[in-house]
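A short worksheet on the structure shown next.
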Amino acid sequence: MNRSVIQNFVATDHDHESCVDGALARAEAVCLARGERLTPLRRRVLELVWGNHLPVKAYDLLAQLSRDGGRRAAPPTVYRALEFLRVAGLVHRLESLNAFIGCARPDKRHSAQFLICTDCGAVAEMDDATLTAKIDANARRLGFQVQDEKIEVAGLCRECATAARGKPRTT
């Protein structure tokens with residue numbers, strides 16, 4: 001298995017409850033180590049982001065929070081929680097989708113590359129040090145200083161590519 005893949009496409013036999021519990025425990029540990037607070041709202045937003053391993057938009061989170069039965073969360077509140085989680089390295093913002101996905105390795109600052117399935121919406125997060133080094137080297141050669149690297153690659157995951165190969169062509 002390629003060690004640069006942090007969070008792979010989710011298998012059908014995936015223990016999601018354990019996965020979410022692990023993500024929340026890692027978030028608590030990261031916040032504690034950095035002297036930051038994972039407030040109940042931030043924790044709930046993170047839990048919702050980890051809801052099904054698919055990217056989630058801020059307004060979808062707002063709707064889910066409203067269904068929780070508590071007081072209605074305002075958009076700025078959710079955006080502040082998401083920004084805290086992003087800066088803390090607990091979630092990533094997928095620019096091309098204007099959505100968020102949980103970070104599987106919040107304990108390690110890393111550059112992120114994402115494979116996004118355009119059919120089912122699944123996302124795999126990668127941290128390829130060789131690719132990051134190549135980008136940095138090419139940027140330095142051009143006199144450019146990289147401040148943030150995020151690469152989003154659109155395509156088909158294995159299951160969707162296999163299904164697409166089995167479909168008859170339409171002309």
Side-chain angles (χ1 to χ4, degrees), residues 1-117 120-129 131-132 135 146-154 157:
M1 182 173 153
N2 182 348
R3 291 176 189 232
S4 65
V5 174
I6 295 175
Q7 178 179 327
N8 210 340
F9 295 109
V10 180
T12 54
D13 62 348
H14 174 69
D15 179 1
H16 189 63
E17 186 175 326
S18 174
C19 174
V20 173
D21 290 345
L24 293 173
R26 285 188 303 276
E28 291 281 358
V30 165
C31 287
L32 183 64
R34 295 180 186 159
E36 297 169 332
R37 286 190 56 227
L38 189 61
T39 64
L41 177 66
R42 291 170 179 171
R43 182 181 174 84
R44 181 63 181 139
V45 168
L46 182 61
E47 184 178 27
L48 292 172
V49 168
W50 274 95
N52 62 7
H53 291 287
L54 293 174
V56 63
K57 295 180 181 279
Y59 276 90
D60 293 334
L61 292 170
L62 258 172
Q64 288 177 296
L65 288 168
S66 293
R67 287 192 297 268
D68 277 356
R71 65 179 178 88
R72 183 167 169 84
T77 306
V78 173
Y79 279 109
R80 279 194 300 273
L82 285 167
E83 182 62 10
F84 170 85
L85 296 170
R86 188 194 64 73
V87 170
L90 300 170
V91 300
H92 293 288
R93 182 170 186 272
L94 300 173
E95 306 289 336
S96 65
L97 302 176
N98 191 24
F100 297 85
I101 193 154
C103 177
R105 294 284 311 276
D107 54 319
K108 177 185 179 278
R109 296 283 184 191
H110 57 275
S111 296
Q113 302 96 26
F114 298 95
L115 304 178
I116 303 170
C117 181
C120 71
V123 175
E125 177 185 351
M126 301 186 313
D127 177 20
D128 187 322
L131 182 56
T132 297
I135 289 169
V146 176
Q147 295 177 337
D148 185 32
E149 172 207 322
K150 189 180 307 168
I151 298 172
E152 299 177 25
V153 181
C157 68

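We count residues from 1, following the sequence as given.
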Please output the side-chain donor-acceptor pairs of residues 78-85 that fall under 3.5 Å, not counting sequence neighbours, one pair per line with the distance.
unit_1	atom_1	unit_2	atom_2	d
E83	OE1	R86	NE	3.1
E83	OE2	R86	NH2	2.7

Problem set entry | Sequence neighbours excluded, every pair satisfying salt bridge (Lys or Arg N to Asp or Glu O under 4.0 Å) that has a member inside residues 89-104 | R93-E95, E95-K150
Got a list of side-chain donor-acceptor pairs under 3.5 Å for residues 36-43, not counting sequence neighbours?
unit_1	atom_1	unit_2	atom_2	d
T39	OG1	R42	N	3.2
R42	NH1	R37	O	2.5
R43	NH1	E28	OE2	2.8

Exercise. Would a distance-only check, ignoring hydrogens and angles, find a side-chain to backbone donor-acceptor pair under 3.5 Å from E149 to S111?
Worked result: no
For this session: Write down the atom of V30, the atom of A88, and the distance for their closest heavy-atom approach.
Result: CG1-O, 4.1 Å
For this session: Evaluate side-chain contact (heavy atoms from CB on, under 4.5 Å) for T77 paired with L62, printing each intermediate quantity in order.
Result: CA-CA 9 Å; T77 306; L62 258 172; over 6 Å; no
Exercise. Closest approach of A27 and L46, non-hydrogen atoms and distance?
Worked result: CB-CD2, 3.3 Å
Exercise. Of the non-hydrogen atoms in A112 and H92, which two are nearest, and what is the gap between them?
Worked result: CB-CE1, 3.9 Å
Exercise. ring-ring contact (aromatic ring centres under 6.0 Å, His included): which pairs involve residues 21-44, sequence neighbours left out?
Worked result: none
Problem set entry | Over all atoms of both residues, closest heavy-atom pair of L90 and C31 | CD1-SG, 4.1 Å
Exercise. Can you find a pair of side-chain heavy atoms, one from F114 and one from I101, that are under 4.5 Å apart?
Worked result: yes
Problem set entry | Sequence neighbours excluded - salt bridge (Lys or Arg N to Asp or Glu O under 4.0 Å) pairs with any residue from residues 45-58 | R44-E47
For this session: Apply side-chain contact (heavy atoms from CB on, under 4.5 Å) to L131 and list each qualifying residue two or more places apart in sequence or on a separate chain.
Result: Q113, D128, I135, I151
Exercise. For the residue pair P55 and L94, what are the closest heavy atoms and their distance?
Worked result: CG-CD1, 3.7 Å
Problem set entry | Validation row: V56, L48 side chains within 4.5 angstrom (heavy atoms) | no
Problem set entry | C157 side, atom SG; I116 side, atom CD1 - distance, nearest 0.5 Å | 12.5 Å
